[in-house]
Structure formats: structure tokens, C-alpha cells
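Taking it in order: structure first as C-alpha cells, then the write-up.
Every chain is numbered from 1, with letters handed out A, B, ... down the list of sequences.
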Protein chains: 2
Amino acid sequence: MTRARILESAFELFVDKGFAAVSVREIAERSEVTKSLIHHHFGGKEGLWEEVKQLAFAQYYQGQKEELDQAEQPGPELIMRAVINYFEFLRNNPGVVRLFAWTHLEGDTSCSEMDGELVRLGAERVRQAQQAGLLRDDVNPTHVVTIFVSLCTQWFEARDHHCNWPGMGSDQEFLDDFLKVFMEGLLPRP
Amino acid sequence: MTRARILESAFELFVDKGFAAVSVREIAERSEVTKSLIHHHFGGKEGLWEEVKQLAFAQYYQGQKEELDQAEQPGPELIMRAVINYFEFLRNNPGVVRLFAWTHLEGDTSCSEMDGELVRLGAERVRQAQQAGLLRDDVNPTHVVTIFVSLCTQWFEARDHHCNWPGMGSDQEFLDDFLKVFMEGLLPRP
DNA sequence: GCATTAACTGGCCGGCCGGTCAATTAGTTG
DNA sequence: CAACTAATTGACCGGCCGGCCAGTTAATGC
């Protein structure tokens with residue numbers, strides 16, 4: 001469908017250059033339609049941008065919600081699996097990562113509630129594990145989730161940047177080291 | 001001086017909206033000069049952008065290098081102080097944080113060597129502490145540095161975004177919790 | 001098969017974009 | 001003061017921007 005082709009081209013370009021640096025003409029050319037048609041379907045550049053974002057957000061939200069909704073006994077293993085899952089999602093969806101980054105810089109907070117809900121779910125799991133004595137309880141559960149989320153996010157956002165740092169390992173090696181430190185730092189203190 | 005006033009206005013606008021979304025006219029208006037003068041002094045929009053970035057990078061590099069060059073016995077306390085120092089720098093220079101973020105998204109790697117050098121210095125400190133038996137030695141030192149750099153960076157980059165997450169604490173509270181988990185996770189394993 | 005709606009086109013608009021240039025003013029040096 | 005340089009201006013350029021609209025083609029329903 002034409003609509004989908006436009007959305008795809010727009011996604012690629014927005015991911016690559018950000019909203020301001022992409023022209024409607026460019027999107028039209030890549031999706032092999034006329035500029036007018038984009039206007040017809042999306043109302044304008046802004047409308048298209050919103051729809052692209054919404055699609056990406058929905059994809060993100062759905063994938064993460066699924067994982068978090070699986071009712072299991074909270075504990076270190078569950079937390080770790082959630083982190084790995086999140087890490088994998090970002091690895092497989094670099095476009096979404098960049099779209100989020102552009103969006104944040106532009107001050108768009110439309111995905112705040114969505115993200116807030118996911119964080120709330122994650123923090124609840126951490127809290128349960130704390131109450132069960134499986135994780136140290138002297139740290140804010142929301143902070144724990146934020147640590148995991150921020151680290152995964154930044155790893156992929158700045159990947160091109162720090163992949164050249166001396167001594168840097170692969171995705172997997174970084175994740176392993178990062179989990180080693182945090183999972184053990186989260187264990188109950190004697 | 002006029003040149004400095006232009007640079008200041010440009011910095012503010014670029015920080016706020018990114019390179020593509022700022023017009024030379026806008027910068028001229030804010031700094032109360034004519035568009036032509038900007039051309040005269042900086043050669044064009046691109047030239048001004050480069051100079052703004054270079055100034056910010058220099059400021060960043062200088063501040064961090066100073067801290068890292070202080071010859072002290074490496075150990076957990078030194079690492080912790082470096083983290084706190086980095087965190088404070090970002091807190092006090094939100095503009096620089098955003099400029100870095102825009103720059104990364106645009107694929108500019110001009111600050112990669114600079115950052116690489118800082119990371120190398122930090123990793124060296126970690127390695128020394130590992131060899132002295134003060135930190136666990138089964139993690140890549142570069143990864144350790146990357147972990148705390150990424151976390152501090154992301155905290156301030158996405159601050160507006162996650163400050164509304166339920167249960168989120170203040171800058172200080174987050175830093176405290178992060179250090180609690182991170183520093184204990186780095187201790188030598190029995 | 002005819003009416004209605006949706007998909008799609010090309011051309012045009014006013015406006016802003018970055019950049020250029022000749023001319024003017026201010027500052028400096030001898 | 002004169003001569004030269006640097007700072008600064010305003011007017012102007014071609015080009016691209018997003019948006020609009022009248023019109024055409026294609027699909028849909030009765």
C-alpha cells in the first residue's frame with residue numbers, strides 16, 4: 001500500500017536526519033509519490049512525523065509490555081532476563097532508538113506516560129524481589145530500573161561514537177560485564 | 001566583543017533546537033547583528049556550528065582531563081570521585097550535554113578521539129585498582145568507565161523525559177543509589 | 001452505468017533559506 | 001591627515017521550503 005510505503009521512507013529519513021533536516025520533497029521522492037499525496041494522506045509534514053513516531057512507540061511499547069506482563073516469581077533472574085530482553089530489542093531496532101533520541105532532544109514528552117507505565121511495572125517487580133529478600137532494599141526500585149534502561153539506551157544511542165574507544169568489547173561482552181557488576185551490586189547486603 | 005556575542009547566541013539556539021532547525025537569521029537577530037556579519041566572522045552557518053562545538057568540546061575536555069590527571073592511588077574512592085565529578089560537570093553544563101547529543105545523532109565523530117583519550121585514562125585507573133586487588137578483575141576496565149559515563153550522560157540527556165516517571169528521586173538520590181549498587185558490584189568477589 | 005468517494009497529479013504560491021557583494025563606518029598605523 | 005585594514009551594513013540572489021488547489025484517474029457502491 002502506498003500509505004505504508006510513505007511511512008517507511010519517512011521513518012528511514014527521520015531516523016537518519018531528524019525532523020528538521022528532512023524535506024517533504026525528499027520523502028516523496030524516496031517513496032515514489034508526489035508531495036501532494038503526502039499532504040493528502042497525512043495532512044502535512046508534522047502529521048506524518050507524528051504518525052511515524054506513534055508507530056515506532058507502539059511497536060516498542062507492545063514488545064516491552066508483553067515481556068513485563070508475564071507473571072513470574074520476581075527475583076534476580078527475572079530482572080536480568082528483562083534487561084537482556086530490552087537490550088535485544090534495542091539491538092534489533094536501531095531505528096527506534098534513534099527516533100527516540102531525536103524525539104527527546106526536541107522536547108517531545110508524548111511518550112512519557114507510556115514509558116512511565118513500563119517503568120512502573122519494572123519497578124514493581126524490583127520492589128517485590130526486595131520484599132522477598134532477594135534484592136537489597138536500600139535502593140529506590142525506580143532508580144534500579146532507570147539504571148538498566150539508561151545504560152541499554154545510551155549504549156546503542158552512542159554506539160558509533162564509543163565503539164572506537166580503546167579496549168571496547170562487543171555488544172555481548174559489554175552486556176555481560178554490565179550485568180555482572182549490577183546483578184551482584186543488587187544482592188542483599190550482609 | 002561582537003564575535004563572542006554571536007557565539008553565545010548560536011550556542012543557545014543550537015543547544016535548544018539542533019543545527020538544522022536554527023536559521024542564520026535567527027542567530028543574527030538574537031545577537032543583534034546582521035546576517036552578513038556572521039558570514040564575515042565565521043564563513044557561514046556551518047563554520048559557526050563547528051566553532052560552537054569546538055568551544056564546548058574544549059571546555060568539556062579541559063575540565064575532565066584536569067580531574068583525571070591528578071596522580072593519586074587508584075582505588076574505589078578515586079573511581080567514585082571521578083563519577084561524582086563527571087556527574088557534577090554534566091549537571092552544571094546542560095547545554096554541553098545537549099550539544100553532544102545533537103552531535104552524536106548527526107553522526108559527527110570529531111570528538112571521538114578526545115573522548116577516547118579520556119576513557120583510556122579512566123580505564124587505566126580502573127586497571128591499576130584491579131591489579132592492586134581493590135576492584136574485581138573479571139570485568140573489562142573500558143566497560144566500567146563506559147558504564148558510568150553512559151549512565152551519567154543518559155540521566156541528564158533524558159532528564160525532562162524521565163523526571164516524571166513514578167517514584168523517581170532527585171539528581172542526588174539517583175546518584176547515591178547508582179553509586180551504592182555500582183561500587184559494591186565492583187568490589188572483588190570472594 | 002452512473003454517482004460518489006478516495007487516490008493521485010502537476011503547477012503554483014508566498015516565504016524563508018544560506019550566501020554574496022558593493023558600499024559604509026570604525027579603528028589603526030605611519 | 002592619509003592610507004590601509006577590519007568591522008559592519010542593507011539590498012539582493014537563486015533556490016528550496018511546506019502548503020494549497022483545481023483537475024484527473026481509479027475504485028466503490030447502488
Q.
Once salt bridge (Lys or Arg N to Asp or Glu O under 4.0 Å) is applied, what residue pairs with a partner in residues 117-127 of chain A remain, sequence neighbours excluded?
A. A:E117-A:R120, A:E124-A:R127
Q) Any side-chain donor-acceptor pair under 3.5 Å between A:H161 and B:D115? A) yes
Q: Would you kindly give the CD-to-P distance between A:E26 and C:dC17, to the nearest whole Å?
A: 18 Å
Q. Quick one: A:K45 NZ to D:dC20 P, roughly how many Å, whole number?
A. 15 Å
Q | Short side-chain N/O contact from B:S23 to OP1 or OP2 of C:dC16, under 4.0 Å | A | no
Q.
Quick check on the hydrophobic clustering: are B:V149 and B:L78 connected, directly or via other members, by side-chain heavy-atom contacts under 4.5 Å?
A. no
(Q) At under 4.0 Å between heavy atoms, how does the protein contact nucleotides 5-13 of chain D? Give one character per nucleotide, 5' to 3', with B, S or -. (A) --BBBBB--
Q. Which residue pairs pass the salt bridge (Lys or Arg N to Asp or Glu O under 4.0 Å) test with at least one member in residues 92-109 of chain B, sequence neighbours excluded?
A. B:K53-B:D108
Which atom pairs, donor and acceptor, lie under 3.5 Å between side-chain atoms of residues 177-187 of chain B and protein residues at least two apart or in another chain?
residue : atom : partner : partner atom : Å
B:D177  : OD2  : A:N140  : N            : 2.9
B:D177  : OD2  : A:H143  : ND1          : 2.7
B:K180  : NZ   : A:D138  : O            : 2.5
B:E184  : OE1  : A:R189  : NE           : 2.7
B:E184  : OE1  : A:R189  : NH1          : 2.6

**Q.** Protein-nucleotide distance (B:E50, atom CD; C:dG18, atom P), rounded to Å
**A.** 16 Å
**Q.** Test: B:E51 and B:R3 ion pair at under 4.0 Å
**A.** yes
(Q) Counting only side-chain nitrogens and oxygens, does A:H39 get under 4.0 Å of the OP1 or OP2 atom of D:dC20? (A) yes
Q. More than 12 non-hydrogen atoms from neighbouring residues, nucleotides or ligands closer than 6.0 Å to CD on B:E32, yes or no?
A. no
Q | Between D:dC16 (C1') and A:I27 (CD1): distance, integer Å | A | 15 Å
Q) Tell me, which of residues 9-18 of chain A have any heavy atom that sits under 4.0 Å from an atom in DNA chain D? A) none
Name each donor-acceptor pair under 3.5 Å that joins a side chain in residues 13-26 of chain B to protein atoms two or more places apart or in another chain, with its distance.
residue : atom : partner : partner atom : Å
B:K17   : NZ   : B:E26   : OE1          : 3.4
B:K17   : NZ   : B:E26   : OE2          : 2.3
B:S23   : OG   : B:E26   : N            : 3.1
B:E26   : OE1  : B:S23   : N            : 3.2

